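Below is one structure, written out as structure tokens; the observations come after it.
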Amino acid sequence: MSTQNEADPHVNSESTQRDEPIRILDDDGNLLSHAEVPALSDEKLLAMYEDLVLARRFDQRAISLQRQGRIATYAPMTGQEGSQVATSYALEEQDWLFPTYREHAAKYVHGMSLASLLKPLCGLRDGYAIPDDVNVLPEYIPIATQVPQAMGMAWGHHLQNRADTAVLCHFGDGATSEGDFHEGLNFAGVFDVPAVFVCNNNQWAISVPRDQQTASDTIAQKAAAYGIEGVRVDGLDPLAVYEVTRCALSKAKNPTDGERRPTLVESVQYRYGAHTTADDPSVYREEDEAEAWRRKDPVDRLRNFLYAEGLLDEDLEDEIDDRAESQISEAISTVEAAAADPSSIFEHVYEELPDRLREQRDELNALREKYGEEAFSEVLE
Amino acid sequence: MSSAATPETGDGTDSLTLVEAVQDALYTEMSSDENVVVIGEDVGENGGVFRATEALYEEFGGNRVVDTPLAESGIVGTAIGLALAGMRPVAELQFMGFSYPAFDQIVSHASRLRSRSHGQYSAPIVIRAPYGGGIRAPEHHSESKEAFFVHEPGLKVVSPSTPYDAKGLLIASIRDPDPVVFLEPKLLYRAFRGDVPTGGYEVPLADAAIRREGDDITVYTWGAMTRPTLIAADNVADEHGVEVEVVDLRTLSPLDVETIVDSFRKTGRAAVVHEAPKTAGLGAEIATTIQERAVCYQEAPIKRITGFDTPMPLHALEDYYLPQAVRIQDGILETVEF
């Protein structure tokens with residue numbers, strides 16, 4: 001199969017301000033005539049597909065668990081997994097990921113376990129534990145606050161001459177209205193840091209459509225204001241997202257003369273479902289709109305592409321589906337079998353437990369001893 | 001409990017103002033740890049609006065003493081990111097009254113990065129901000145809202161009142177593994193000089209200092225209010241024979257509860273002096289702490305002598321708002337005579 005030429009202007013720096021998103025696959029998953037397939041091995045392409053399937057199933061199961069009252073409010077990602085998985089495929093192990101609360105698949109691909117994604121949803125804070133060898137930040141719930149932080153970390157690496165490390169920062173289209181987006185990107189331009197900022201433009205910030213979020217024609221064009229590169233990519237085309245992100249990360253680490261390190265990638269996509277399980281999109285948007293985007297589905301597109309390339313057949317597809325299902329079921333069983341230790345409330349607030357927190361912990365433990373654990377749930381009922 | 005921190009190195013002392021001691025602390029730590037960087041508005045060539053970063057740019061260069069764009073949230077967010085990359089950033093916010101745009105970064109992230117990552121990451125940053133009134137500053141330049149930050153778990157909050165403490169506490173803050181909001185009483189920046197050791201030394205955090213010993217009443221205070229409190233204490237001793245114990249908290253979070261309570265057990269009477277508004281100010285916390293632990297020793301209501309629950313007035317009325325020695329004396333006598 002063919003490989004991507006790194007100099008291809010369609011996915012390289014010439015694309016600044018391009019209005020039409022970069023695509024490699026058409027809506028049905030056929031290779032576009034001008035495009036070349038990224039330099040990914042067959043195994044990697046199949047693994048990317050498998051992660052897409054896993055992400056979609058995870059999302060469906062998580063929504064179902066929430067409906068059953070088994071997990072708390074959940075932020076669905078269906079429609080956005082293609083971009084999430086593909087951006088993380090572009091990361092190298094030493095690169096850092098700053099995710100939002102919706103980047104479940106991006107976090108998973110960069111090293112977090114399925115159980116760690118589910119645990120906080122079950123109220124278990126040890127799901128926040130990040131393994132030493134995984135360069136992922138905790139998910140950011142306030143909007144756009146991660147942008148200056150990602151910039152700061154990228155700057156720190158740069159100051160310490162760690163040229164092999166870049167930072168990738170996710171946020172949504174609503175985040176581009178926040179001051180932190182502008183402050184972070186302005187700093188990134190001023191200090192020329194090795195960072196890639198990925199705007200997951202899913203068209204809606206809860207109920208506010210993109211055209212009420214900004215009067216800019218595109219989000220990518222905002223990059224011009226900060227003196228950095230802006231690129232638009234079809235966020236439902238995993239191969240295009242992968243290649244655009246890979247090029248941006250490569251430039252961040254090793255720019256050519258006159259090139260600026262930071263890039264703002266606008267990944268044009270759509271969240272088919274609700275903002276969260278506490279939201280009902282039928283109140284503010286037409287179902288036809290979601291249907292139109294579903295016809296460009298990233299999972300279907302990559303699957304069709306892999307069939308056309310002869311890498312996937314029905315048997316393998318079933319095998320991948322089954323594997324995803326059992327991985328998720330196993331993670332759910334693990335998480336639902338776990339229990340939280342009330343003493344952990346006081347852990348990790350400071351490096352050393354201050355006296356007053358020690359006293360408060362001891363006070364809680366004495367009450368538990370005196371009245372039993374059941375008494376605490378009774379109080380809340 | 002008050003402790004005499006011992007200098008680690010250096011062979012002498014300099015007579016410095018408080019702001020010079022701040023600069024000396026930054027210089028000392030930047031010299032010994034290349035991960036320490038200073039970021040903020042006008043901190044570079046200009047040396048800071050209060051000159052707290054003077055000469056650092058010339059000594060350490062533009063990669064370690066960095067003028068940022070004018071954006072407080074950006075400064076603190078960037079500092080968190082730098083800390084995540086293994087650096088020790090000291091971020092200057094030009095005035096505490098301009099810390100509010102960065103509030104989200106401070107309380108949503110710096111304070112809880114450790115707990116949000118289950119101990120994997122932390123944000124060992126120092127946020128320096130000149131605070132408090134009394135210098136005839138414009139609106140928003142005299143804020144004293146330490147309670148906002150004291151209320152936030154995961155933060156430490158420090159306010160020095162002497163040049164010696166300013167240097168030792170700032171060094172301890174820079175070396176501390178947790179985020180520290182370091183509030184500098186700008187009224188005291190150039191008010192007097194004090195002996196400051198030339199080397200690096202720490203004044204431990206969460207360690208109050210007894211500035212004056214007495215048996216009749218304890219007055220708790222910090223920052224710029226230590227001076228009028230000590231003046232008031234001398235006055236009531238001279239004029240009324242009332243001996244006041246003055247406790248300078250130095251660290252506002254975590255509080256040195258032991259020193260606070262021990263002193264109260266000795267005197268049985270207390271007043272708290274702060275320039276912040278009264279309602280839900282730190283005075284309420286201190287009074288309750290005393291009552292929780294030593295109510296049987298209590299011989300009078302605990303008096304709060306504070307700023308009013310109003311915005312800080314412009315400078316024509318500033319002296320009425322800030323607790324002056326006369327108000328402190330009056331409060332002390334009222335409590336002692338109860």
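Because the structure is predicted, anything quoted here is derived from the model rather than measured. By convention in this document, chain letters (A, B, ...) are assigned in the order of the sequence lines, proteins followed by strands, and residues within each chain are numbered from 1.
Closest non-hydrogen pair, B/Tyr121 versus A/Val136, comes out as OH-O, 2.7 Å. The minimum heavy-atom distance between A/Phe187 and B/Ile75, with the atom names listed, is CZ-N, 3.9 Å. A pairwise comparison of heavy atoms in B/Gly74 and A/Asp180 identifies N-OD1, 4.5 Å as the closest pair. For the pair B/His109 and A/Pro142, the tightest heavy-atom approach, listed with the atom from each and the gap, is NE2-CG, 3.8 Å. Shortest non-hydrogen contact noted between B/Val66 and A/Phe191 is CG1-CE2, 3.3 Å. Scanning both residues, A/Glu347 and B/His118, for their nearest heavy atoms gives OE1-CE1, 4.3 Å.
When A/Leu137, A/Val190, A/Thr165 are compared by the number of non-hydrogen pairs under 4.5 Å with chain B, A/Leu137 comes out ahead. Contact count versus chain B (heavy atoms, under 4.5 Å) is highest, among A/Ile141, A/Leu357, A/Leu159, for A/Leu159.
Between the side chain of A/Arg356 and the backbone N or O of B/Val257 there is no donor-acceptor pair closer than 3.5 Å. At least one donor-acceptor pair closer than 3.5 Å links the side chain of A/Tyr350 to the backbone N or O of B/Leu155. Side chain of B/Gln105 to backbone of A/Thr145: a donor-acceptor contact under 3.5 angstrom is found.
Interface residue A/Val349: backbone and side-chain heavy atoms are both found under 4.5 Å from chain B. Heavy atoms of A/Pro131 lying under 4.5 Å from chain B belong exclusively to its backbone. Neither the backbone nor the side chain of A/Val193 has a heavy atom closer than 4.5 Å to any heavy atom of chain B. In this structure, chain B has no heavy atom under 4.5 Å from any part of A/Ala150. For A/Asp355, no part lies near chain B; criterion is any non-hydrogen pair under 4.5 Å.
Here the CD-CG distance, from A/Gln149 to B/Leu84, works out to 7.0 Å after rounding to the nearest 0.5 Å. One distance of note links CD1 of B/Ile80 with CE of A/Met153; it measures 11.5 Å at 0.5 Å rounding. Rounding to the nearest 0.5 Å places CE of B/Met87 at 8.0 Å from CH2 of A/Trp155. Note: B/Ser115 OG to A/Tyr128 OH = 8.0 Å, rounded to the nearest 0.5 Å.
By the 6.0 Å contact criterion, CD on B/Glu34 is open, its count of non-hydrogen atoms from other residues, nucleotides or ligands being 12 or less. More than 12 heavy atoms of other residues, nucleotides or ligands lie within 6.0 Å of CZ in A/Arg102, so this atom counts as buried by the packing criterion. Annotation: B/Phe98, atom CZ; neighbour count of heavy atoms from other residues, nucleotides and ligands within 6.0 Å is above 12. More than 12 heavy atoms of other residues, nucleotides or ligands shown are found within 6.0 angstrom of CD on B/Glu292.
Remark: of the listed residues A/Glu183, A/Glu178, A/His182, A/Glu183 is the sole one forming a side-chain contact (heavy atoms from CB on, under 4.5 Å) with B/Ser73.
Under the 4.0 Å criterion applied to side-chain N and carboxylate O atoms, B/Arg293 and A/Glu359 are assigned as salt-bridge partners.
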